Amino acid sequence: MSGSSSALKPPADALAPVRHPAAPAPGELLGAHYGQCFGCGGEQPHGLLLEARAGEGVSLTAEFTVQAAHQGAPGLAHGGVLATALDETLGSLNWLLRTIAVTGRLETDFVRPVPVGTVLHLQARVTAVAGRKIYSTATGRIGGPGGPVAVRADALFVEVKVDHFIDNGRPEEIRAAMDDPDQVRRARAFEVNP
């Protein structure tokens, strides 16, 4: 985006992102990292239920359908919900890097209204990596993956250790996630931004 702040412009010495060899294959559904996640979790009746698929390189596509519970103005998606969809999509990119990272900055442009019942088609990619900083961009379209742009965002994610979640999360949920007998589910609970 040409209107991004300088905080979202990678430094001159930033590196091109490199997809981790163990990242999900292109076309693979990423699935929810945590059942209670408002963005992607299946245990949130009013959540976004966003579904993301790995793309080529360090990119992905995602979809979410705007429900009545997501309204701001009558019949239209709330801007905060749309920003959440962009944040969830951008955060999912970190799975392709196999990096635990949190949102440091998110700048969103709202281009056109998104009506209730609309499927928002999201495309996102990591543009650069500089130390612990991960720079990424996303676009949300209506009417199909090639439809008109409704929302877009640029983001800066910062790599963190799992202690970030353990030290700051509510103890009941942290214990439940850490006690999950499913090792993959236990690890994935802490993979994206809180």
Side-chain angles (χ1 to χ4, degrees), residues 1-10 14 17 24 26-34 36-42 44-97 101-128 133-158 192-194:
M1 289 174 5
S2 59
S4 298
S5 73
S6 60
L8 293 175
K9 295 192 187 333
E28 188 176 326
L29 189 64
L30 298 181
H33 71 95
Y34 176 54
Q36 289 292 327
C37 175
F38 181 79
C40 66
Q44 286 285 351
H46 297 298
L48 304 186
L49 305 174
L50 187 133
E51 292 191 343
R53 289 189 183 278
E56 297 293 330
V58 189
S59 72
L60 58 77
T61 59
E63 291 183 357
F64 116 85
T65 302
V66 178
Q67 304 295 324
H70 303 145
Q71 290 181 86
L76 297 174
H78 189 288
V81 169
L82 297 175
T84 300
L86 287 161
D87 185 47
E88 183 68 27
T89 301
L90 290 158
S92 296
L93 287 166
N94 296 312
W95 298 356
L96 303 177
L97 298 171
V102 296
T103 310
R105 186 175 188 98
L106 176 71
E107 288 189 13
T108 306
D109 289 326
F110 301 96
V111 180
R112 62 176 26 97
V114 179
V116 170
T118 298
V119 176
L120 189 64
H121 300 268
L122 297 136
Q123 298 170 323
R125 65 185 173 85
V126 175
T127 58
K133 295 180 177 181
I134 302 164
Y135 298 85
S136 54
T137 189
T139 304
R141 299 173 181 271
I142 56 176
V149 172
V151 292
R152 60 181 167 244
D154 285 330
L156 168 65
F157 282 78
V158 180
V192 296
N193 55 308

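Computed from heavy atoms alone, side chains included, the values below leave out hydrogens, waters and symmetry copies. The shown structure was predicted, so the numbers you read here are calculated from the model rather than taken from an experiment.
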Is the closest side-chain heavy-atom distance between Leu48 and Cys40 below 4.5 Å? no
Sequence neighbours left out, what passes ring-ring contact (aromatic ring centres under 6.0 Å, His included) with His121? Give chain and number order. none
Tightest non-hydrogen contact, residues Ala138 and Ala124, listed as CB-CB, 3.8 Å
Can you confirm whether Pro148 sits close enough to Ile142 that some side-chain heavy atom of one is under 4.5 Å from a side-chain heavy atom of the other? yes
State, to 0.1 Å, how close Cys37 and Glu88 come at their nearest heavy-atom pair, and which atoms those are. SG-OE1, 3.5 Å
Minimum heavy-atom distance Ala77-Val66, with the two atoms named: CB-CG1, 3.7 Å
Rounded at 0.5 Å granularity, tell me how far CZ in Phe64 sits from CG in Leu82. 5.5 Å
Residues which pass side-chain hydrogen bond (donor to acceptor under 3.5 Å, both in side chains) with Arg105, listed by chain and number, not counting sequence neighbours: Ser5, Glu107
For the atom pair OG1 (Thr65) and CG (Leu120), what is the distance rounded to the nearest 0.5 Å? 9.0 Å
Tightest non-hydrogen contact, residues Ala68 and Val116, listed as N-CG1, 3.8 Å
Taking the side chain as C-beta and beyond, is there a heavy-atom pair between Leu60 and Trp95 under 4.5 Å? no
Could you tell me whether Gln123 atom CD has more than 12 heavy atoms of other residues or ligands within 6.0 Å of it? yes
Quick one: side-chain hydrogen bond (donor to acceptor under 3.5 Å, both in side chains) partners of Gln44, sequence neighbours excluded? Gln36
Within the 4.5 Å heavy-atom criterion, are Ile134 and Leu93 side-chain neighbours or not? no
Answer yes or no: is there a side-chain heavy-atom contact under 4.5 Å between Thr103 and Leu90? no
